[in-house]
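For ligands, and for the atoms within them, numbers begin at 1 and follow the listed sequence. Below, all heavy atoms of this structure are taken into account, side chains as well, without hydrogens, waters or symmetry copies. All values derive from a computational prediction rather than experimental measurement.
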Amino acid sequence: YAAKLGNSGAIIYSPDIDKSSQQSLSLLSELRAALEQQAFRLYVQPKVGLDHGKVVAVEALVRWIHPERGFIFPDQFIPFAEQTGFIRQLTHWVMNEAARVCQVWKEQGIQLKISVNISTRDLLDQDLPGKFAQILQTNHVEAASFCLEITESAIMDDPVRAFQTLDRLHAMGLELSIDDFGTGYSSLAYLKRLPVHELKIDKSFVLKMEEDIDDTKIVKSTIDLGHNMGLRVVAEGVENLAVMNLLKEMGCDQAQGYYISKPMPSADLPAWLGKWQEQQTQAPS
Ligand code: C2E
Ligand code: MG
Ligand code: MG
Ligand code: MG
């Protein structure tokens, strides 16, 4: 695949090989330039504990502010970054920024776990655990403050090497989470083998929970499965109070979604947290 960013900011896959290889070269150089010019931004989205309503963690989600095309969502460049291997540099930037932000918040008395998304290509990088150890040390943050979100397909590509890397990250004290659970393959085999702490129910099930009884059943069964395996269960894609209450009734541990907050620039989090806490004390549930 070769790709370029269209005027709308959407990636266009071109069947024309000559043209498309040129286009992908230019996209790759744009990504590289973006790193140098500090055009990536770390956005964060809160995760709330359903039993008490407090924010317990955030997920780091990258955005690209393109000089001409403006705001670009990760779905429009992460797949390309994965294909070209650029993702390794991007993951390094995200992890470093997450660690920096974690340290800044700690100084402000804000103790939150931060989740970072990791791709296949990262898991195949034997140096990844060492690089992360270095980042944690430089920023004076503990491994236990971090959770790495991985998808089943990321593990599928080369399970032996992926398991090795994940075991090493786990041994360092980082938590692991299976993202988009239920959409990949062999979920159960991986659950058994991997040193995971958390399971995230894919938003495709959560978004339709209210209208589709099958989705409700899948969500409930996944919560029970996770708990039976001793895991924390998080629902993503919580867009209204009804779903939030339903998840709480079902015993789900944490919720993440637009109902609580859309992803925001990391610098906005402390003020947002203040407002959220105020709201919680005014209307205790
Ligand atoms: P993900 O890790 O499954 O992240 C959750 C996505 O769901 C985010 O999209 C988030 O904004 C969105 N979301 C959260 N709550 C709701 C909701 O209530 N309703 C709806 N409709 N959507 C919700 P986003 O930020 O566009 O990221 C998309 C995907 O891009 C992520 O899915 C992740 O796979 C990837 N990604 C984002 N940042 C990074 C990164 O730094 N590294 C890597 N490797 N992948 C990343
Ligand atoms: Mg994720
Ligand atoms: Mg997800
Ligand atoms: Mg996803």
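Using a 30° and 60° split on the angle between ring planes, Trp276 and Trp272 fall in the parallel class, below 30°. Classified by interplanar angle (parallel below 30°, tilted 30° to 60°, perpendicular above 60°), the ring pair Trp64/Phe77 is perpendicular.
Under 4.0 Å from ligand 1, not a single heavy atom of Lys200 appears. Looking at Ile78 against ligand 1, only its side chain comes within 4.0 Å, counting heavy atoms. With a 4.0 Å heavy-atom cut-off, ligand 1 is reached by no atom of Thr151. Using a 4.0 Å cut-off between heavy atoms, Gln45 contacts ligand 1 through its side chain alone, with no backbone atom that close. Looking at Asp179 against ligand 1, only its side chain comes within 4.0 Å, counting heavy atoms. Heavy atoms from both the backbone and the side chain of Asn117 come within less than 4.0 Å of ligand 1.
Side chain of Thr183 to main chain of Asp180: a donor-acceptor pair is present (N/O by atom type, distance under 3.5 Å, no hydrogens or angles). Between the side chain of Arg121 and the backbone N or O of Gln83 there is at least one donor-acceptor pair closer than 3.5 Å. Judged purely by atom type and a 3.5 angstrom limit, Asp253 has no side-chain atom pairing as donor or acceptor with the backbone of Arg232.
Heavy-atom proximity to atom 30 (O) of ligand 1, evaluated over Pro74, Pro263, Ala235, Ala60, is greatest for Pro74. With atom 6 (C) of ligand 1 as the reference point, the heavy atom nearest to it among Gln256, Lys203, Glu149, Glu97 is part of Lys203.
Here Glu236 meets the criterion, with an N, O or S atom under 2.8 Å of the Mg ion (ligand 3). For the Mg ion (ligand 2), the set of nearby N, O or S atoms under 2.8 Å includes one belonging to Asn117. With 2.8 Å as the limit, Asp179 counts as an N, O or S neighbour of the Mg ion (ligand 3).
A salt bridge between Glu142 and Lys106 is absent, with no side-chain N of the basic residue lying under 4.0 Å from a carboxylate O of the acidic one. Salt bridge annotation for Arg100-Glu97: present, with a cationic side-chain nitrogen under 4.0 angstrom from a carboxylate oxygen. Ion pair Arg88/Asp127 not flagged as a salt bridge, since none of the NZ, NE, NH1 or NH2 atoms sits closer than 4.0 Å to an Asp/Glu carboxylate oxygen.
For the side chain to side chain donor-acceptor pair (under 3.5 Å) criterion with Ser115, the lone passing option out of Lys200, Glu198, Lys47, Glu59 is Lys47.
Closest approach between the Mg ion (ligand 2) and any N/O/S atom of Glu149 involves OE1. The nearest N/O/S atom of Glu59 to the Mg ion (ligand 2) is OE2. Taking the N/O/S atoms of Asp180 in turn, the shortest distance to the Mg ion (ligand 3) belongs to OD1.
Considering backbone and side-chain N/O of Glu239, one or more are found under 3.5 Å from N/O of ligand 1. An N or O contact shorter than 3.5 Å is missing between Thr91 and ligand 1 by distance. In terms of N/O distances under 3.5 Å, ligand 1 is approached by Ser119. Checked by distance only, ligand 1 and Tyr259 stay at 3.5 Å or farther apart across all their nitrogen or oxygen atoms. Between Val62 and ligand 1, a contact under 3.5 Å exists for at least one N or O pair.
With sequence neighbours excluded, the residues forming a salt bridge (charged side-chain N to carboxylate O under 4.0 Å, His left out) with Lys220 are Asp224, listed by chain and number.
For Arg63, the heavy-atom gap to ligand 1 drops under 4.0 angstrom.
No more than 12 heavy atoms of other residues, nucleotides or ligands shown are found within 6.0 angstrom of CD on Gln38.
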